[in-house]
Amino acid sequence: MAKLGVNVDHIATIRQARGVTEPDPVAAAMLAELAGAHGITVHLREDRRHIQDRDVEILRKTLQTRLNLEMALTDEMIAFALKVLPDAVTLVPEGRHELTTEGGLDVNMLRATLTQKIVLLKQAGIVVSLFVEPDLEQIKASHKVGADYIEIHTGTYCEMRTEADKREQLQRIELAISAARKLGLGVNAGHGLNYQNVEPVVALKGIEEFNIGHSIVSRASLVGMERAVREMLTLLQG
Ligand code: PXP
């Protein structure tokens, strides 16, 4: 069965909407773990719009599973990761005006910096994943710069409305999984996945972990975090 990493960023979004201390993403992470999540993901954005440094620091000390820190490739974030030592770092492109991460990294363009920073992270014992489009060039480049994993950006698939378009995007993802695995890269996936669209991606096989946030937090706001996580785990059983 594929693993589930629950992204609790949007619990923090609700907290930041009022600038108070609740709801606490750390509490949400604990409930997600109790329901069987295999890991917790948070994105510490440069503008700190949702997750705060303190959230990551407390999660590092309290999680029973794994902490995956999503972050931009900046000196500030690399220094933060080397201080907090999450189990994994997922490097993502970040735009200040975007509502959410809009695309994958251009690994070739960032080749020199990525190679250098990935060495630093790996030397500190951190597993490094690169968030990329299901594109063969990006996957080959991810291997070249020394990443351990890729996380396939599933956003385009999730936006497709016709069955034919969805099938085409699923085929792209399937090719990406097989190319990455042949190169020895681990494969995760995420972005835009929900209770309606995740099953065909699970059926492709070969994805180790799904990182899912907005849909789980949305459902949790109505039915509770534990039930929301359990229902997603059932879908990941394939
Ligand atoms: N994976 C990555 C790399 C992301 O940037 C995000 C969004 O923060 C997710 C997964 C989760 O996406 P969603 O909130 O749409 O499930």
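Keep in mind that the numbers below use all heavy atoms, side chains included, and drop hydrogens, waters and symmetry copies. Every number for a ligand or one of its atoms is a count from 1 in the order of the listing.
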Considering R45, E70, H43, E94, which one's heavy-atom position lies nearest to atom 6 (C) of ligand 1?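 Residue with the shortest heavy-atom distance to the ligand atom: E70.
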
Check if G192 has a non-hydrogen atom at a distance under 4.0 Å from any atom of ligand 1.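 Checking ligand 1 against G192, which is what was asked, there is a heavy-atom contact under 4.0 Å.
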
Partners meeting salt bridge (Lys or Arg N to Asp or Glu O under 4.0 Å) with D53 (sequence neighbours left out):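 Salt bridge (Lys or Arg N to Asp or Glu O under 4.0 Å) check on D53 returns R48.
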
Angle class for the H153/F131 ring planes (parallel below 30°, perpendicular above 60°, tilted otherwise)?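 If you compare the ring of H153 with that of F131, the planes turn out parallel.
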
Near H214, which atoms of ligand 1 are under 4.0 Å from a heavy atom of that residue?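 Per the distance check, 13 (P), 14 (O), 16 (O).
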
Salt-bridge present (D75, K117; N to O < 4.0 Å):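 Answer for the salt bridge query: yes.
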
Would you confirm whether K122, through its side chain, and G146, through its main-chain N or O, come within 3.5 Å as a donor-acceptor pair?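 Between the backbone of G146 and the side chain of K122 there is a qualifying donor-acceptor contact (under 3.5 Å).
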
Using a 4.0 Å cutoff against the non-hydrogen atoms of N211, which atoms of ligand 1 qualify?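 Counting atoms of ligand 1 from 1, those under 4.0 Å from N211 are 10 (C), 11 (C).
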
Tell me, please, which residues at least two apart from Q196 pass side-chain contact (heavy atoms from CB on, under 4.5 Å).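 For Q196, the residues satisfying side-chain contact (heavy atoms from CB on, under 4.5 Å) (neighbours in sequence not counted) are N194, R219.
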
Numbered atoms and elements of ligand 1 in range of N7, under 4.0 angstrom, heavy atoms: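 Those qualifying, in numeric order: 8 (O).
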
Going by distance only, is there an N or O of I212 that falls short of 3.5 Å from an N or O of ligand 1?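 There is no such contact.
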
Look only at interatomic distance and state if S215 has a nitrogen or oxygen under 3.5 Å from any nitrogen or oxygen of ligand 1.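 In this structure, S215 places no N or O atom under 3.5 Å from an N or O of ligand 1.
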
Are more than 12 heavy atoms, taken from residues, nucleotides or ligands other than R181, located less than 6.0 Å from that residue's CZ atom?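 12 or below, so no.
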
Going by the atom numbers of ligand 1, which of them fall below 4.0 Å from some non-hydrogen atom of V92?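 In order of number, 3 (C).
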
If we check side-chain contact (heavy atoms from CB on, under 4.5 Å) with K140, which of these qualifies: H143, E137, Q138?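 In the set H143, E137, Q138, the residue that makes a side-chain contact (heavy atoms from CB on, under 4.5 Å) with K140 is E137.
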
Give yes or no for whether the N/O distance cutoff of 3.5 Å, strictly under, is met between H10 and ligand 1.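 For ligand 1, there is no N or O atom that lies under 3.5 Å from one belonging to H10.
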
